[in-house]
A.B. asks: 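After the structure tokens below, expect a handful of questions from me.
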Amino acid sequence: MVTEASDNISLALLPPRTKVARLLRSWITEGRFGPGELLPSERVLARELGVARETVRAVVDQLTTEGMVGPAREKARRVVRGPAPVASDGALLAHTVAIVTDTYMDDEHPWWRSSGYDTFIDTEAAALIGRAGLNALTVHPDRLRAGGPQYIAQHRPFGVLLTYNVADTVPGRQILVSCRQHGIPVVAYGDAPALDEFDRVTSDHADGAAQLADWLIARGHRRIARFMSDIDETAAPQTWVRRRREGYERAMAAAGLEALPGIRTMPFPLEIEESVDHDPAAYAHLTRAYAGYLLEHLNAPEPVTAFLAINDRVAYRLNGALRLLGKTPGRDVMVVGYDGSWRDNSERQWEPVPPAATVDKQNREIARELVQLLLDRSAGKAPSAPQQRTCPPKLVEIDAAGA
């Protein structure tokens with residue numbers, strides 16, 4: 001029963017009393033023990049759950065206080081009364097993990113549901129939290145600007161998870177510091193230097209970019225450029241941008257090749273970007289603009305023969321731009337992407353050739369490590385020093401048919 005309830009995030013990692021309390025509550029709520037039935041004896045429960053009888057006794061006393069069970073005629077037994085009444089905010093938050101994120105998924109942008117996007121980490125973490133017998137509460141950081149850290153400290157949730165775009169922001173750092181000061185387990189997803197003093201999970205962006213560059217070099221490419229879209233890596237870049245540049249430069253240096261500056265476009269109007277999913281004219285506008293940025297690099301005395309796109313969406317657009325310039329994607333010029341989202345990108349309906357390769361950041365594993373590290377910290381099983389767990393990326397080759 002314990003294994004089924006945990007489903008890969010083991011309840012055994014929780015303190016015994018917490019584990020037993022959650023299991024008994026769920027069994028009563030789900031009807032395994034219905035109202036009026038006798039709860040199994042302490043001895044039977046202790047044997048089934050693999051804990052001491054004293055632990056079971058303490059939990060049963062707690063459930064009696066909550067009203068889920070009551071005294072029975074038989075000495076030292078309890079009768080089930082039913083699920084406990086709705087808890088107060090404090091009691092509810094004690095069994096809740098707050099996921100602080102500034103993104104959401106909707107039907108207008110269904111490609112966000114792809115496992116390649118960071119939004120997947122939010123939903124997967126929430127599912128894993130539920131399987132561990134906890135509640136998951138999604139919170140937008142803007143809702144925490146006025147007194148949010150103090151509210152968290154006052155009501156003491158079971159733990160807090162901060163997603164990538166939030167962890168290295170002013171509200172994010174305030175939450176991290178407040179949780180640390182008040183002994184609330186908190187884990188961040190990100191690799192910014194400011195997170196070094198906190199528990200965190202990272203993706204190795206440098207290794208991912210190096211894998212892509214090595215893959216292209218092994219196929220004979222010597223002039224490889226990074227296509228950044230509208231990201232300006234010279235103006236206080238996000239850490240992942242710098243890490244990818246470092247990985248690319250490392251691979252090029254190891255092969256004795258010149259590392260080229262990243263190619264950056266001007267930002268496109270928001271209405272164009274948001275229309276690409278359903279409007280072929282918007283897609284055509286972007287590919288024509290991209291083609292203009294590619295011309296000088298393709299017509300140079302030493303032309304670029306391969307591009308590292310910042311993500312899979314941009315890789316599709318680059319292939320469309322190459323086609324406009326009379327190049328055959330994958331034959332004349334190679335384009336690789338990033339994020340492992342190529343199957344779900346809406347650009348696929350306009351451009352038949354996917355990126356030749358991509359990097360899967362392993363977002364499912366990132367979510368698993370975030371929740372696992374939080375449970376480890378809560379159970380006192382993590383070392384006292386801040387922990388960093390890194391999920392290695394995986395290079396994925398894609399054939400021209402998109403298989």
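Quantities reported herein were computed from a predicted structural model and do not represent experimental measurements.
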A.B. asks: Carefully, step by step, assess Arg323 and Asp332 under the rule salt bridge (charged side-chain N to carboxylate O under 4.0 Å, His left out).
C.D. replies: CA-CA 10 Å; Arg323 200 181 299 282; Asp332 300 328; over 6 Å; no

A.B. asks: Is the shortest heavy-atom distance from the side chain of Asp168 to the side chain of Gln238 under 4.5 Å?
C.D. replies: no

A.B. asks: Donor-acceptor pair, Asn311 side chain versus Arg313 backbone, under 3.5 Å?
C.D. replies: yes

A.B. asks: Drop me the distance from Gln388's CD to Glu369's CD, to the nearest 0.5 angstrom.
C.D. replies: 11.5 Å

A.B. asks: If I take atom CZ from residue Arg348 and atom CG from residue Asp312, how far apart are they, to the nearest 0.5 angstrom?
C.D. replies: 10.5 Å

A.B. asks: Is it true that Glu197 and Arg180 make a salt bridge, defined as a side-chain N closer than 4.0 Å to a carboxylate O?
C.D. replies: yes

A.B. asks: Could you give the distance from CG (Leu49) to CD (Glu42), rounded to the nearest 0.5 Å?
C.D. replies: 12.0 Å

A.B. asks: Counting only N and O atoms by type, is there a donor-acceptor contact under 3.5 Å from the side chain of Asp199 to the main-chain atoms of Gln387?
C.D. replies: yes

A.B. asks: Any Lys/Arg nitrogen of Lys394 or Asp207 sitting under 4.0 Å from an Asp/Glu carboxylate oxygen of the other?
C.D. replies: no

A.B. asks: How close do Gly337 and Thr358 get, counting heavy atoms only, and between which atoms?
C.D. replies: C-OG1, 3.7 Å

A.B. asks: Side chains of Leu39 and Val60: closer than 4.5 Å at any heavy-atom pair?
C.D. replies: yes

A.B. asks: For Leu260, does its backbone N or O pair with a side-chain atom of Tyr248 as donor and acceptor, under 3.5 Å?
C.D. replies: yes

A.B. asks: Whether the side chain of Ser203 engages the backbone of Gln362 through a donor-acceptor N/O pair (distance < 3.5 Å, no angle test) should be reported.
C.D. replies: no

A.B. asks: Should we count CD of Glu302 as having more than 12 external heavy atoms under 6.0 Å?
C.D. replies: no

A.B. asks: I need the minimum non-hydrogen distance between Arg243 and Asp191, along with the two atoms involved.
C.D. replies: NH2-O, 3.5 Å

A.B. asks: Closest approach of Ala291 and Ala321, non-hydrogen atoms and distance?
C.D. replies: N-CB, 3.6 Å

A.B. asks: So which of Leu38, Ile28, Leu63 actually passes side chain to side chain contact (heavy atoms under 4.5 Å, CB included) with Val80?
C.D. replies: Ile28

A.B. asks: If we ignore hydrogens and angles and just use 3.5 Å, is the side chain of Asp102 paired with the main-chain N or O of His140 as donor and acceptor?
C.D. replies: no

A.B. asks: Mind checking the CD1-CD1 spacing from Ile184 to Ile175? Nearest 0.5 Å is all I need.
C.D. replies: 10.5 Å

A.B. asks: Could you check whether Glu246 pairs with Arg250 (Lys NZ or Arg NE/NH1/NH2 to Asp/Glu carboxylate O, under 4.0 Å)?
C.D. replies: no

A.B. asks: Does a donor on one side chain and an acceptor on the other come within less than 3.5 Å for Tyr117 and Asn363?
C.D. replies: no

A.B. asks: What I'd like to find out is whether the side chain of Phe158 reaches to under 4.5 Å of the side chain of His95, using heavy atoms alone.
C.D. replies: no

A.B. asks: Measuring only between side-chain heavy atoms, which start at C-beta, is Asp360 closer than 4.5 Å to Glu365?
C.D. replies: no

A.B. asks: To the nearest 0.5 Å, how far apart are CD1 in Ile366 and CZ in Phe120?
C.D. replies: 10.5 Å

A.B. asks: Counting distance only, does the side-chain N/O of Arg377 pair as donor-acceptor with the main-chain N or O of Pro383 below 3.5 Å?
C.D. replies: yes

A.B. asks: Would you sort out whether Trp215 and Gln211 count as a side chain to side chain contact (heavy atoms under 4.5 Å, CB included), showing the intermediate values?
C.D. replies: CA-CA 6 Å; Trp215 187 84; Gln211 287 187 51; over 6 Å; no

A.B. asks: Any side-chain heavy atom of Val276 within less than 4.5 Å of one from Arg317?
C.D. replies: yes

A.B. asks: Would you name the heavy atoms of Tyr338 and Gly208 that are closest together and state the gap between them?
C.D. replies: OH-CA, 3.5 Å

A.B. asks: Counting only N and O atoms by type, is there a donor-acceptor contact under 3.5 Å from the side chain of Ser275 to the main-chain atoms of Glu271?
C.D. replies: yes

A.B. asks: Quick one: does Met68's side chain get under 4.5 Å of Arg81's, heavy atoms only?
C.D. replies: no

A.B. asks: Quick one: sort the Phe33 and Trp27 rings into parallel, tilted or perpendicular, breaks at 30° and 60°.
C.D. replies: perpendicular

A.B. asks: Would you check if the side chain of His221 reaches a backbone N or O of Ile217 as a donor-acceptor pair within less than 3.5 Å?
C.D. replies: no

A.B. asks: Dump the intermediate steps for side chain to side chain contact (heavy atoms under 4.5 Å, CB included) on Leu162 and Leu176, then the final yes or no.
C.D. replies: CA-CA 9 Å; Leu162 277 73; Leu176 287 165; 4.0 Å; yes

A.B. asks: Is it the case that the side chain of Ser26 and the backbone of Arg22 share a donor-acceptor pair, with hydrogens and angles ignored and the cut-off at 3.5 Å?
C.D. replies: yes

A.B. asks: Would you sort out whether Glu258 and Arg222 count as a salt bridge (charged side-chain N to carboxylate O under 4.0 Å, His left out), showing the intermediate values?
C.D. replies: CA-CA 8 Å; Glu258 178 187 4; Arg222 295 295 179 265; over 6 Å; no

A.B. asks: Relative to the ring of His205, is the ring of Trp240 parallel (under 30°), tilted (30 to 60°) or perpendicular (over 60°)?
C.D. replies: tilted

A.B. asks: Under the criterion salt bridge (charged side-chain N to carboxylate O under 4.0 Å, His left out), I'd like the reasoning laid out for Asp204 against Arg244: C-alpha separation, chi angles, the key distance, then a yes or no.
C.D. replies: CA-CA 9 Å; Asp204 194 337; Arg244 288 200 202 170; over 6 Å; no

A.B. asks: Does Arg288 CZ have over 12 foreign heavy atoms under 6.0 Å away?
C.D. replies: no

A.B. asks: Tell me whether Gln349 contacts the main-chain N or O of Ser346 through its side chain, where contact means a donor paired with an acceptor under 3.5 Å.
C.D. replies: yes

A.B. asks: Roughly how far apart are Thr119 OG1 and Glu124 CD, rounded to 0.5 Å?
C.D. replies: 12.0 Å

A.B. asks: Check step by step if side chain to side chain contact (heavy atoms under 4.5 Å, CB included) holds for Ile224 and Met252.
C.D. replies: CA-CA 9 Å; Ile224 303 170; Met252 297 295 282; 4.1 Å; yes

A.B. asks: Regarding Arg264 and Asp230, does a basic nitrogen lie under 4.0 Å from an acidic carboxylate oxygen?
C.D. replies: no

A.B. asks: Could you walk me through whether Glu48 and Arg32 pass the salt bridge (charged side-chain N to carboxylate O under 4.0 Å, His left out) check?
C.D. replies: CA-CA 14 Å; Glu48 181 174 355; Arg32 176 176 175 180; 3.0 Å; yes

A.B. asks: Measuring centre to centre across the rings, with the benzene-like ring taken for any Trp, is Tyr316 within less than 6.0 Å of Tyr283?
C.D. replies: no

A.B. asks: Quick test of your reading of the model: are Arg200 and Asp196 salt-bridged, counting only N-O distances below 4.0 Å?
C.D. replies: yes

A.B. asks: Do Leu374 and Leu370 make a side-chain contact, defined as non-hydrogen atoms from C-beta onward lying under 4.5 Å apart?
C.D. replies: no

A.B. asks: Asn135 and Val97: side chain to side chain contact (heavy atoms under 4.5 Å, CB included), yes or no, with the steps?
C.D. replies: CA-CA 6 Å; Asn135 308 308; Val97 175; over 6 Å; no

A.B. asks: Tell me, do Ile129 and Ile99 make a side-chain contact under 4.5 Å, heavy atoms counted?
C.D. replies: yes

A.B. asks: If you compare all heavy atoms of Cys179 against all heavy atoms of Val160, which two are closest, and at what distance to 0.1 Å?
C.D. replies: SG-CG2, 3.8 Å

A.B. asks: How far apart are the closest heavy atoms of Ser341 and Gly116, and which atoms are they?
C.D. replies: CB-CA, 4.2 Å

